[in-house]
Structures are given as C-alpha cells and as structure tokens.
Amino acid sequence: SASASASASASAQSKTHISTPVTDKRQRDSDSRSPEEKAKELAEELRSGLGPLAQGWGRSSHEVGAEKFVDTFFKASRLHFIGTWKERYDTLLDVMDDTPPLIEINPRWIFHVDMDAFFASVTTRGVPELQRLPVVICWGSEKSNSGEISCANYVARKSGVKAGEWLSSAKEKCPTLISFPFEFEKYTETAMNMYKALFRLTPHVLGLSCDEAYLDVSQVVADAALANPFADVNHVVSEIAEKLRREIFQVTGGCTASIGCGSNQFLSRLATKQAKPDGYFHLEDSKVLDFIGKLNVSDLPSVGWSTTKILKEKGIQTCFELRKLSQKFLAQDLKLGPKTAKKIFEYCRGIDTRPWNPRPIRKSVSAQISWGVRMKTDSEVEDFLKHLSAKVVDRMLAMFKKTSGNKAKGTAAEEANVIRSFHGASLVSLKVWRAKKNANPNKRKGSLGHGQCDRLHRSLTRSFPTKDPEEVARNTIGLFKALKIEAEEVRGMGVILGNLHENKNSASSTSVRKLSTNQAKRRRTVLEPFRNTFNLSAALQASTLTKDIENLQTLSHKEMVDAIIDQLRKTKTEPEVLPFLGNKKACEAAAFCNGETCGSVHCFQKHMLDCTAQFLYEMCVSIDDDLVRIRCLIQAVKQIANCIWEKDSDLNKYWQSCCDQLKFQYREDVNVCSSSQISYSSSRNSDIIMNSSGIVGLGK
DNA sequence: TGCGTGTGGTAG
DNA sequence: ATCGCTACCACACGCA
C-alpha cells in the first residue's frame, strides 16, 4: 500500500488546483534560506493575518466585556470548531439528495476513512519541504511556548510529540519543532471536499467528524465483484479503497487519508490504526480474535481513562485478559453497569451491534466557556449569560432552518412555515464551574484556565417551549441565582437547551424533531381531563369576533401562541425572575434565595403567566380544527389581556371566568393529575397544583 | 416500577 | 497569557 500511495501522491501533485489553491508563500519561495526559516516565517505570516486573536489576546471576560469575549473565544477555540462541526456537515447533507435507507447485505464491508494528522496536513499540503519538517498546530508561537498542541504531523510524532501536550514540553523533545496556527476555514472547506468524494462512491456515508467517516460499501463491493467474477474479493476491495484514497488526495489538495476495512464499524475503526499513516488495511474476520487480543483495553471505544483505571486495578491490561471476565462480573463487581459491560464484552470479541444511523436527530444544543471567565459582579454574570444564551439560541434556530429547509424544498413561504412550526426548547439548563476553595494554581492551564473546579448543573423544565434568547437568559440567570454562587468564584458557564419541540400539527413537522415517547404520553395524560370537559360548540357560539377570526386564520399555531404570550407580558410590570416552574428543587432554592420576593405579587403573576401560556399552548396543539382553535384562543386572550392581578381574589375570579368562558369545569378539589404532582404554595392562600408539564388545576 | 434530576464518562 | 467544546449515553438517587 505504501507504493500505491506514493504513486497517488505523484499523480495528484499537479492537480492541487482542483481544491483550494495555495495562494500564500508556501509555494513561491526560491531563495536560499533553509526550509526551517521559511516555515517559521510562513507561520508568523499566518499568525499576523489573524489580528488580535493570535497575537497575545489572552485577556479575561472581565477585561474585555462579555459580548466581545464570547465572540472572540468561539472564533479561536479549536474544541468549539470540533464540537460544532456537525452543524456545518448538516449544510452539506441538506443540499444533497436524500440518502436511500441502507439495506444490510452479506457479506458486509465497512470502510473507516480517517485523514492523517488532518490540521497539520492541511497547513503543509502540496509543499514537500514543509511536510518534511516536524510541524504542530496550536496557538502558541515562537515567542511564547505555551499552548496546547492540537495536532502533530508524523515527523513530529517520531520525536515523541503528541496532541494534548504543551508546546514547551514538545520543544524539549524536538527543538526544531515548528508551530502553525489554526486555519479553521480551510479545515471546513477541505473536509467538505473530502465528504463530496465519499458521497461519489456511495450514499451510505456516516460522518463522525471533520476528518473521519464510516462508509458502508457492501453494495459497491457486490457490484464490483459481479462485474469481475474471477477476481479475488479482497483485491477488489483494496482497489476500491486505494482509488478512494487517491481521489481524496486530489480533492483535498494533497492531504492523505487512511482507510480501515472490516465487517462492522468497530472492526473497520481498529483496522485504521494499522493502516495509518497513508495506507489501507483490511482486518479479516478470521484474524479478528488474535488481532484484538493483543490490543490494550483502552483501544476499545467506550473504554476511556476511567474504565482503563478500573480494569488496571484488577490487573486487566489487554483485551485477551478482558475476555476471561464474564459480563456479569464487569457489570456488577467492577461496577461498570450493564450497558457498558455488554459493550466492552462484545467489542473485545469483535462484535458491534450499533445500528447504522447516518443522521441522528439532535436532542440538545449547548454553548459553554470555561476559559478566561472572570467575574467581579452579578451584573457581569448576567451579561455573560445573556450573550451565551443569544449564542445558543442562534445556533438552535440555524440548525432548524437548515434541517427543515431541505424538507420544505426551497420556497420562501414553505421555509417560513417550517421555522414557525419549531417551538424551541422547553428544557433550559445552566452549568457552572466554581473554583475550589484551595485550588492549586499549578493545576491550571495558563493563567486563564479554570483550574480545579466543582461543576454544578441546574435545569429548569419550562411549562412551554421557547426560542427567545432573552427568555433563555432570564431562566439561566434565575438558575444562577438559585445556585448562590459568588461572581468571583465563577470560572466557566454553559447554557444547554433540550426538549426541542416541533408542532405536531404542522404539515412540515414530519420527522425532524418529535416529542419523546414519555413527553407525548405525559401530554396525553395531562390533556385528557380537559378534553372531556371542553365544550367546543358552546365556545363557538360564545365567540362574536368573526372579523378578527378571519384575519387570524392565516396565522400558524405558534404565531397565535406568541401573540398571546405577548399580550400576557404586556399586562404586567417587570416580573421577578425565578426558576420555580416545574422544578421543586429550583423552586425551593429560589425561595430560600429570596424568600420575600418569591411570594410577591409580581412573582406570582409570572407564575400565572407561564401557567396560562402553557394552558393555551396545550389547547393550541390539542384542537385540530383551525376555526375552533382560533375562536377559543380569542376568548382566552380577551379575558387574559383585560386582567390585572392585584389580589388573590382577582386571580381566582380570573380563572373562574376564564374557565366559564371556555366551558371548562372549574373544580375546587383539584385532584386532577398525576404521578409527579407538585404543589406550589405562595404566602397567600392560593395553591397551584401542577406537574412539570404545567398547570393541572387550581385550589383555594 | 416509572419518572425527573444531577453527575460522570466518552469521543472527536 | 495562548482560546479547557459539544453531544450523547448511562447511572444513582429521590420521589410517588
């Protein structure tokens, strides 16, 4: 395979213009300086093009201000680049034809394609003088030797330099090491070109990251074997792989890929390790047990640092030794749990039962920063959370626009409909890094690392979903208050959005996001008693606002709800922000945090507003008939908009009249639902009985 | 038993 | 001084 790849390199060298043309100094030098000098100069040139980012911008959030800090951090963060890669990959999938479902045929042939030292290879591609030097990718420069190495090319690896290492320590091992800055746009473009090449071979591509993918080539192999019935199958497969590697080399402008091949995903991934760098390796089924037996347990996927340690304590180092243990022993005695035990029990025998899932449905969106986060006051914390929330909501909406944009097949009106039908997230979580009391400053990555921290997490199940960044900010600020952490202790924060909802009544909601089974079940349970007491025909007769109805018929469900919530908000003064909906612990914490405010009229109003909005939202999704729904909603809005709650008796009156209007049964003995019922008592005499789906009744 | 929450582990 | 992210899974525990 080495000679094959050499010829691949030679043939592709002249065709680098197919992909990104190399426009900088990399290729044009003809002076007499040494390759090292030229490389260092090039590295400096690339760095200076990055502005303040790479030129010593290591300043904290406190100095820079939240807005600029959040923005700059994400632009420069390699982990953010890796973490958000699937969002960019989605844009490629969106413009492609839908992948036909995979039919598993026997024998199964899976390729695992992995670019060699991807970041470094993008930087040095097409320039052999550069490729012969030890090169790493990280933010540290010639002047400052700190910075964590993200990628080392194979020359540097020969000196023992590894990813994850500090630049200073790497330079001790390899004094001639040259460090290049990140070039994220180029990685993205190169990865896209690589993927397009993969898709030209087969539609069955399962993208893992910007430099790594699985391919199911069973059908490709079957076709090739049929066309050439007397050829050795292994030979046929290796030809396909080598051809693909040549193709990747061409379209990436000279980056090499390795391909591992096996009869399932796991085996092909193991094979790649053997194939690297710049090669192909087929792990045959007959050799699997021997091959795996020699591996360390930590080579198995899902065996990380922690599991390795547990196994090592029992004297288990290799997969051969691991095979002697029973699944039950792994699960119970080693406390790995039944699932992990089953997984590694099967992996060390070459078994992989993971289904082929090329485009899993996204269940959450998050944004977090735990570097350079330094705060002095609560208002700085709030400012930071506002910008983090804006960021995460942005990404959530962008994701939805893209994934559903494809389904709407293009026209602006259809796409608008798709966006409208997305309701947002109803789970809002906050993650906080809190500096440990006596944190050791040496266990910190540079002066702006988070150091030793406790990580805390609080979540809030909202009564209705939101896609409003300010709303998310209010919720996370509330959660932060409930945690009772001093601003000075904060070393990092993250905002996570979950339970992503799409209107199930919307025509375009087919399959992108769905309520989980549990959510759907719970929703039915909550709605059932309402359905039975809801007199639709009476509500219809009660409605006199026919003109408005005509105007409103063009609105989507969600627009209706938004309009209602908007109305609701206008009826109150600025609410206290407290995370007391649907979360008993958060409720208690908030009450403890500020007992006086928690029972206040404002706070109570906020509670009522959320509950009411939930109530209307449920109504929206439960009534199928547009006209009926709109009429009922108009009645409700009319009531709510005119209502100002100042006293408990007003609240009760409001609810009673609202229920009357809508022909709901008003019940004093609120015993409606359900398993996880929560009673929230204010300092007044009203009880709201609710579960985490929202209000289910009203008591005295 | 089933559900919701918080924590920990893992990959890339 | 040098950018410690993101998404998912699994589990323990408390509660009803």
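Chain A is the first sequence line, chain B the second, and so forth, proteins listed ahead of strands; every chain is numbered from 1. Predicted, not measured: the structure shown is a model, and the values here were computed from it.
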**Item:** Side chain of A:S144 - closest among C:dC5, B:dT10, C:dT2
**Value:** C:dT2
**Asked** Which of the following nucleotides, C:dA10, C:dC3, C:dA7, is nearest to the side chain of A:W139?
**Response** C:dC3
**Item:** Short side-chain N/O contact to C:dC9 OP1/OP2 from A:K363, under 4.0 Å
**Value:** yes
**Item:** Under 4.0 angstrom between A:S364 side-chain N/O and C:dC8 OP1 or OP2
**Value:** yes
**Asked** Within the pair A:R491 and C:dG4, is there a side-chain N or O less than 4.0 Å away from OP1 or OP2?
**Response** no
**Fill in**
By nearest-heavy-atom nucleotide on DNA chain C, the more 5' of A:G140 and A:K431 is A:G140
**Prompt:** A:W433 has a side chain; which of C:dA7, B:dG12, C:dC5 sits nearest to it?
**Reply:** C:dC5
**Complete:** Per atom distances to the A:W305 side chain, the nearest of B:dG12, B:dT10, C:dC5 is B:dT10
**Fill in**
Quick note, A:S141 side chain, CB onward, closest among C:dC11, C:dT2, C:dA7 is C:dT2
**Message:** Heavy-atom nearest nucleotide on DNA chain C for A:F69 versus A:P338: which residue maps closer to 5'?
**Reply:** A:F69
Which pairs of donor and acceptor atoms, one on a side chain in residues 331-343 of chain A, lie under 3.5 Å apart (sequence neighbours left out)?
{"residue": "A:T340", "atom": "OG1", "partner": "A:L336", "partner atom": "O", "Å": "3.2"}
{"residue": "A:K342", "atom": "NZ", "partner": "A:E346", "partner atom": "OE2", "Å": "3.4"}

**Request:** Could you check A:W85 against A:Y195 for ring-ring contact (aromatic ring centres under 6.0 Å, His included), going step by step and ending with a plain yes or no?
**Result:** CA-CA 13 Å; A:W85 181 82; A:Y195 270 100; 5.4 Å; yes
**Message:** Between A:D114 and A:R269, does any NZ, NE, NH1 or NH2 come within less than 4.0 Å of an OD or OE carboxylate oxygen?
**Reply:** no
**Item:** Interatomic distance at C1', B:dT10 relative to C:dG4, whole Å
**Value:** 16 Å
**Request:** Kindly indicate whether a cation-pi arrangement holds for A:R157 with A:Y154, taking the cut-offs as under 6.0 Å to the six-membered ring centre and within 45° of the axis.
**Result:** yes
**Request:** State which of C:dT6, C:dC3, C:dA1 makes the closest approach to the side chain of A:S447.
**Result:** C:dA1
**Message:** By nearest atom, which of the nucleotides C:dT6, C:dT2, B:dG9 is closest to the A:S146 side chain?
**Reply:** C:dT2
**Prompt:** Nearest to the side chain of A:W371, which nucleotide is it out of B:dT7, C:dT6, C:dC3?
**Reply:** C:dC3
